[in-house]
Amino acid sequence: MTGPTTPSGTAARPRPDPDARTTPGMVCAHHHLYSALARGMPAPPRTPTEFLEILELVWWRLDRALDLEIIEWSAKLGALEALESGTTAIIDHHESPNAIEGSLDVIAAACAEVGVRVDCCYGVTDRHGSAGAAAGLAENDRFLRAGGRGHVGVHAAFTCSDATLEAAAGLAADHRTGVHIHVSEGTADLAAGARLESLARDDWLVIHAVHLDRDLPGVIVHNPRSNMNNAVGYARPAARPNPVALGTDGIGAAMLDEFRVAYVRQREDDVTATPETAWSWLETGWRLFPEALEDTVTWSYDRMDPWSLAFTTGVQATDVAVAGETVLRDGRPTRVDADEIRAKAAEAAARLFAKLEEMP
Ligand SMILES: [Zn+2]
C-alpha cells in the first residue's frame, strides 16, 4: 500500500494493493483500554434493561473500582492485543474517578512499553461533583502540558454541566487539540446536539452520534459492534457529511474485525452498500493518526482489499513494525513477554473483580 502524491502536492488517500500482504498500521479511533480486564467481571446487581442502566450498573461501577495498578495492566493487555491484531495506534478514552491524577501517564507508558502508539484523554464528567470534573480537566491539562499526545476528554454532554463543557472546549483549544466526547450514544443524550452546537470544531472526535439530531463539526467515530451490543440503534454514519472513522469502544482493537462488522451492519440497513465505504472509515484513522502510515503490518492473507476482507475471517497480523522497529515477529511481541502480561493482567483482574463484588 502506498501514498502517492497528487499534482497539487497533497498526499492521496492510500489504497490497498490487492496483491500485497502488507498495510500500514491499523488505527483504533475510539478505545477504552481500561475495559480490557472487564471480561468475565461479576454480574451487575440486576440485569440492565436499557443503555443508561448498562452505564449505571456495569461501566460506572467498573470505573470507580479502577486504581493505577489495575489501569496499568489493563492498558498493557489492551496494547498487546492491539499489536497482535495489527493495530499500531490507539485513540483512548479513559475514566477512573478514584485514580485520576497520573492515570494518562500510566496508560501512555504501558502502550510505549509494548510498542503501540496511543493518544490519551481523560473523560471529564460531573457525575462525581464539580471537584471530580475539575480533577478530570486538570489531568487532561497536566498530560497535554507535559507534551503528551492526546485530546481533551469529555464523558458525554448529559453527565456534564454547560460550564464543564465550555471549560473542556476551551482547554482543548488552548492545547491546539480537539475534544474526544461520546455524543448521543443513547436517547439519554438527545440534548447533546443543541448543547454542543456552539462549541464543537472540526478537530473534535464525535463518538457514536447514533441519536444526534443535527450535524456537528468533527470526525464521527462509528463503533458498530458496541452499538449493537448496547441495543442503541444504528448510527447510519454514511448519511452524515462528516468524515467517519472506526472504533471498538473498548471491545478489543481488531480493526479488520470491526471493519467486517461495520460493513455487514451497513449492508443490513442498505443492500446497495459495498465494503469500500467501511474500508474508507478505516482509512480515516490515518488522518487522525498519520504516524500509523509509517508502520507496516504483514498479514497472514495476501488479498488485503475491501471486497476480499469483508468475507474472509481470521486474518492474522504476523509481523508488525512501528517506526521501523519490529515489535511483533511471527505473532509474538518482541519488547514484552506476552505470557507475563497475561498472567499479571489476570491477577489484576481478580483484584478488580473482588472490589466489584464488595461494591454496593
Ligand atoms: Zn466509548
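From a predicted model like this one, the values you see are computed outputs, not experimental measurements. For ligands, and for the atoms within them, numbers begin at 1 and follow the listed sequence.
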Mind checking whether the Zn ion (ligand 1) has an N, O or S of H208 under 2.8 Å? no
Hydrophobic cluster membership, with links at side-chain heavy-atom distances under 4.5 Å among I/L/V/M/F/W/Y: are Y263 and M304 in one? no
How is the N/O/S atom of D249 that comes nearest to the Zn ion (ligand 1) named? OD1
Using a cut-off of strictly less than 2.8 Å, determine whether H93 has an N/O/S atom near the Zn ion (ligand 1). no
Can you find a side-chain donor-acceptor pair between N229 and S226 that sits under 3.5 Å? no
Output yes if E185 passes the N/O/S-under-2.8 Å test against the Zn ion (ligand 1); output no otherwise. no
Do the non-hydrogen side-chain atoms of W299 and T318 ever get within less than 4.5 Å of each other? no
Between the side chains of H32 and H30, is a donor N or O closer than 3.5 angstrom to an acceptor N or O? yes
Does any donor atom in the side chain of D141 or H175 lie under 3.5 Å from an acceptor atom in the other side chain? yes
Which of the N/O/S atoms in H32 sits closest to the Zn ion (ligand 1)? NE2
